[in-house]
Colleague: 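This structure is in structure tokens; I'll ask about it shortly.
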There are 2 protein chains.
Amino acid sequence: MSGVHVSTVSRTFSAPHLVNTETRNRVLAAAEDLGYRPNRAARALTTGRTHNLGLIVADIANPFFSHLIKGAQAHARTRDYHVFVADTDEDPQVEEELIQTLAKQVDGVLLCSPRLSNRVIEKLREDVPFVVVNRRMKGMSNVLMDVGSGAREAIAHLVSLGHSRIALLAGPAGSWTSKEITDAARSVPGIDLTVFGPNSPTEHGGLALAEAVASADVTGVLAYNDLMAIGLVEGLTSLGVDVPTQVSVVGIDDIVAGRVSRPKLTTVAMPAEAAGRTAVDLLLQLVGAGETATPALATLATNLIIRDSTGPVRHELRTDP
Amino acid sequence: MSGVHVSTVSRTFSAPHLVNTETRNRVLAAAEDLGYRPNRAARALTTGRTHNLGLIVADIANPFFSHLIKGAQAHARTRDYHVFVADTDEDPQVEEELIQTLAKQVDGVLLCSPRLSNRVIEKLREDVPFVVVNRRMKGMSNVLMDVGSGAREAIAHLVSLGHSRIALLAGPAGSWTSKEITDAARSVPGIDLTVFGPNSPTEHGGLALAEAVASADVTGVLAYNDLMAIGLVEGLTSLGVDVPTQVSVVGIDDIVAGRVSRPKLTTVAMPAEAAGRTAVDLLLQLVGAGETATPALATLATNLIIRDSTGPVRHELRTDP
DNA sequence: AGCGACACTGCAACCGGTTGCACGAAACAT
DNA sequence: ATGTTTCGTGCAACCGGTTGCAGTGTCGCT
């Protein structure tokens, strides 16, 4: 209605300095009037930039991921990007489909704790730039938590309390983090380690292991995440095994539920929000640089939070029957 | 490479019956070979259908929403739709921007527990079809939880335990659910109700109210959600007020943290996953029907789950000083 | 007055598909 | 053998923007 060519309208929004102030104002006024906003999808057709990022997680209900998501979304917003989140339900098949669908609708994808094989990820990478969180992949940008040293710290804590027979509840198959934790635990000398898994990384997964843990000859447990640890504690308690006097339990993640459950959960805190922010930074860097991009690696520190689910081993109760 | 016109390729994917079986196979083979997939965004330009839905929540870290999201995503997937989730951080401003950006990239939006005013929502509605969850809006499709009767049931439970001086911890300003709960509570005869709020619907929000609740002359509390209830219990406990012997607390939502916190939280369960599924159904119905759509209303039942955070009032302790 | 520089703005091709229409060939009917 | 369908495919316009190029008008300078 302002009687100008579409290209002028276009420039008003994407290159304001190229259009006369007065014309621009007229266009803006008309746009305001008609409630017009440039169509991002159409723009993406020619520019190749959607100004959207995709974020894929295995389980949106896992509080660890929620915080990562919040960090990523808030940070992306400050860079005029939007983050679309999708949940794979721990299903590698769904994960792959999701990436392919997302590929053309976003400028880059944050892949968090993928369950896919490295090979498939390498292939998908041709379709869209990636930053992989919680998995080390050569030649790609990664955001990692130093979960190995977190696990070692947790086990050192158990050892310092006198525990030497320790169980490790592994996470899901395909999880890099789970492998990392397992390797770290195995590398600790002088302990007797039993590994259970792979398991579903949920409260239910922990609950299901209660009997096995109770009948195994262990006094300390490190779980793949807090959800499992909480489930385990619940299970042990209902079996009449007290935490921490009979078994000490350490989780990983530091989610709210761990702080309010009783006993309060000792855990390895993961900087989820920071990871989300960092991942967005690396991804935008990658997107901006195009083909020439150098993959970057960020490793974030973890730290042990000692609460009430761990305590000194009681030797007298653990003599032979 | 298969030597056919683009339009034939297009038809191979969007109208297979129009193309010769043999040609189709050749195209599909070539596509497979080149890793070609139709660009959804480009398709959307002409068809007006992106096959994407947007889902907007106030706080993705709230477990109630996580389950709603999972329900919606899983259900949408079976209809060949994808759901993009975005978090507003409880900020109406962000909520509005998000809707506008999403508007052209999705076929419809699920707006969950909006903080925006009805007026603004009515306006935004011209840009994109909506289904509003947890808010009654005339002329629009809604998915509601019968939170009013849930609240009445919760209060009846408290009354049956002998409580009559009851506190209500309201939710955030602008929340329809909060208003609904408050109205329901006020409509219960024979109790002495104190309303606190509006409050931040988080653990921290509940924690912050502990002192006020402790010094108010109440023996029963109904909180806007479990997160607040958990925070309140934490706060009361650290003030030396025991739950449930001195104060009984009821939450709303039935999140995991409530089941593992001690005492286990009595709560009004909300069918979050079902709500997500239902909302997707209504939205697709709306999208399919275009302008002629009749708005639908779905109300889902809630139910009281009695656990350990509520108990009989102890009259002897509550005599005057 | 004449000329180049500069600031705007319009033109048209393009992004990657979709779709109504037309056309040719094969199949069927008369 | 000829006329009529039917089927399969190509053509070209279009969706809503972006952008290189060219054209116009204004201004300053010699």
Side-chain angles (χ1 to χ4, degrees), chain A residues 1-52 80-82 100-107 126-128 287-288 290-291, chain B residues 1-52 80-82 100-107 126-128 287-288 290-291:
Chain A
M1 285 306 118
S2 50
V4 302
H5 196 263
V6 289
S7 55
T8 305
V9 177
S10 170
R11 277 188 275 258
T12 303
F13 288 94
S14 47
H17 59 279
L18 288 180
V19 26
N20 185 296
T21 313
E22 196 187 322
T23 314
R24 190 191 326 153
N25 289 339
R26 242 181 33 248
V27 172
L28 288 176
E32 172 73 14
D33 214 43
L34 276 60
Y36 167 88
R37 326 204 71 200
N39 181 327
R40 285 189 163 208
R43 169 180 300 183
L45 259 188
T46 48
T47 60
R49 289 272 172 282
T50 61
H51 266 244
N52 290 146
D80 194 26
Y81 265 80
H82 283 279
Q100 292 188 329
T101 328
L102 231 37
K104 289 298 186 319
Q105 315 196 47
V106 300
D107 296 341
E126 294 164 14
D127 295 351
V128 61
V287 168
E291 293 299 311
Chain B
M1 286 306 119
S2 50
V4 302
H5 195 264
V6 290
S7 55
T8 306
V9 177
S10 170
R11 279 188 275 258
T12 302
F13 289 93
S14 47
H17 59 279
L18 286 180
V19 29
N20 184 298
T21 313
E22 196 187 322
T23 315
R24 190 193 323 155
N25 289 338
R26 245 184 27 253
V27 172
L28 287 177
E32 173 75 13
D33 214 44
L34 277 60
Y36 168 88
R37 326 204 70 198
N39 182 327
R40 284 189 164 209
R43 170 180 298 182
L45 259 188
T46 48
T47 60
R49 289 273 172 280
T50 61
H51 266 243
N52 292 146
D80 193 28
Y81 264 82
H82 283 279
Q100 292 188 329
T101 328
L102 232 36
K104 289 297 186 320
Q105 316 194 49
V106 300
D107 296 343
E126 294 165 13
D127 295 350
V128 60
V287 169
E291 293 299 311

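All values derive from a computational prediction rather than experimental measurement. Within every chain, numbering begins at 1; the chains are lettered A, B, ... in the order of the sequence lines, protein sequences first and strands thereafter.
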Colleague: Can you tell me how far the CG atom of B:L28 sits from the CG atom of B:D33, to the nearest 0.5 Å?
Modeller: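 Reported value, rounded in 0.5 Å steps: 12.0 Å.
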Colleague: Which of these passes side-chain contact (heavy atoms from CB on, under 4.5 Å) with B:Y81: B:V287, B:N52, B:T50, B:V106?
Modeller: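 Option passing the side-chain contact (heavy atoms from CB on, under 4.5 Å) with B:Y81: B:V287.
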Colleague: Using atom CZ of A:R43 as one end and atom C1' of D:dC15 as the other, report the distance to the nearest whole Å.
Modeller: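 Roughly 16 Å, once rounded to whole Å.
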Colleague: Could you go step by step and tell me if B:R40 and B:H51 meet the side-chain contact (heavy atoms from CB on, under 4.5 Å) rule?
Modeller: CA-CA 8 Å; B:R40 284 189 164 209; B:H51 266 243; 3.7 Å; yes
Colleague: Here's a test for you: under side-chain contact (heavy atoms from CB on, under 4.5 Å), which of A:T8, A:V19, A:V9 qualifies with A:R24?
Modeller: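 The residue from A:T8, A:V19, A:V9 that satisfies side-chain contact (heavy atoms from CB on, under 4.5 Å) with A:R24 turns out to be A:V19.
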Colleague: side-chain contact (heavy atoms from CB on, under 4.5 Å) between B:L45 and A:L45: does it pass, once the steps are laid out?
Modeller: CA-CA 10 Å; B:L45 259 188; A:L45 259 188; 3.1 Å; yes
Colleague: How long is the line joining NE2 of B:H5 and C1' of D:dC11, in whole Å?
Modeller: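 Roughly 6 Å, once rounded to whole Å.
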Colleague: Begin with the C-alpha distance, continue with both residues' side-chain angles, and end with the deciding distance and a verdict on side-chain contact (heavy atoms from CB on, under 4.5 Å) for B:R37 and A:K104.
Modeller: CA-CA 9 Å; B:R37 326 204 70 198; A:K104 289 298 186 319; 5.7 Å; no
Colleague: Remember a base hit wins even if backbone is also touched, and classify B:S7 as base, sugar-phosphate or nothing at under 4.0 Å, heavy atoms.
Modeller: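 If one applies the 4.0 Å heavy-atom cut-off, B:S7 turns out to touch a base.
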Colleague: Taking CG from B:L18 and P from D:dT9, how many angstroms apart are they, rounded to a whole number?
Modeller: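 Answer to the nearest Å: 10 Å.
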Colleague: Tell me the interatomic distance from B:R49, atom CZ, to C:dG16, atom P, rounded to whole angstroms.
Modeller: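 B:R49 atom CZ is separated from C:dG16 atom P by 24 Å.
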Colleague: Mapping B:L45 and B:T8 onto DNA chain D by nearest heavy atom, which one lands closer to the 5' end?
Modeller: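 So the residue in question is B:T8.
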Colleague: Taking only side-chain nitrogens and oxygens of B:T46, does any of them come within less than 4.0 Å of OP1 or OP2 of D:dC14?
Modeller: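 No, outside the criterion.
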Colleague: Quick one: label B:T47 by what it contacts on the DNA or RNA (base, sugar-phosphate, nothing), any heavy atom closer than 4.0 Å.
Modeller: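 The residue B:T47 makes sugar-phosphate contact but no base contact.
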Colleague: Rounded to the Å, how far apart are B:F13 CZ and C:dT18 C1'?
Modeller: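 B:F13 atom CZ is separated from C:dT18 atom C1' by 14 Å.
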Colleague: What's the CG-P distance between B:D107 and D:dC15, to the nearest Å?
Modeller: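 It is 18 Å, rounded to the nearest whole Å.
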Colleague: Round to the nearest Å and state the distance from A:H51 atom NE2 to D:dG17 atom P.
Modeller: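 Computing the A:H51:NE2 to D:dG17:P distance gives 16 Å.
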Colleague: In Å and rounded to the nearest 0.5 Å, what is the CZ to CZ distance from B:R49 to B:R43?
Modeller: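 The CZ atom of B:R43 is 13.0 Å from CZ of B:R49, to the nearest 0.5 Å.
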Colleague: Scan B:S10 against the nucleic acid and name what it touches under 4.0 Å (heavy atoms): base, sugar-phosphate only, or nothing.
Modeller: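 It contacts base atoms.
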Colleague: Round to a whole Å and report the spacing from CG of A:N39 to C1' of D:dT18.
Modeller: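 Distance, rounded to whole Å: 13 Å.
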Colleague: Is there a donor and acceptor pair, one atom on the side chain of B:R11 and one on the base of D:dG10, closer than 3.5 Å?
Modeller: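 Yes, a donor-acceptor pair under 3.5 Å.
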Colleague: For a quick check of understanding: with a heavy-atom distance under 4.0 Å over all strands, which category does B:R37 fall into, base, sugar-phosphate or nothing?
Modeller: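 If one applies the 4.0 Å heavy-atom cut-off, B:R37 turns out to touch the sugar-phosphate alone, with no base involved.
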Colleague: Find the bend of the helix from C:dA1-D:dT30 to C:dT30-D:dA1 as the angle between its two terminal axes (five pairs each), to the nearest 10°.
Modeller: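 The end-segment axes of the helix from C:dA1-D:dT30 to C:dT30-D:dA1 are tilted 50° relative to each other.
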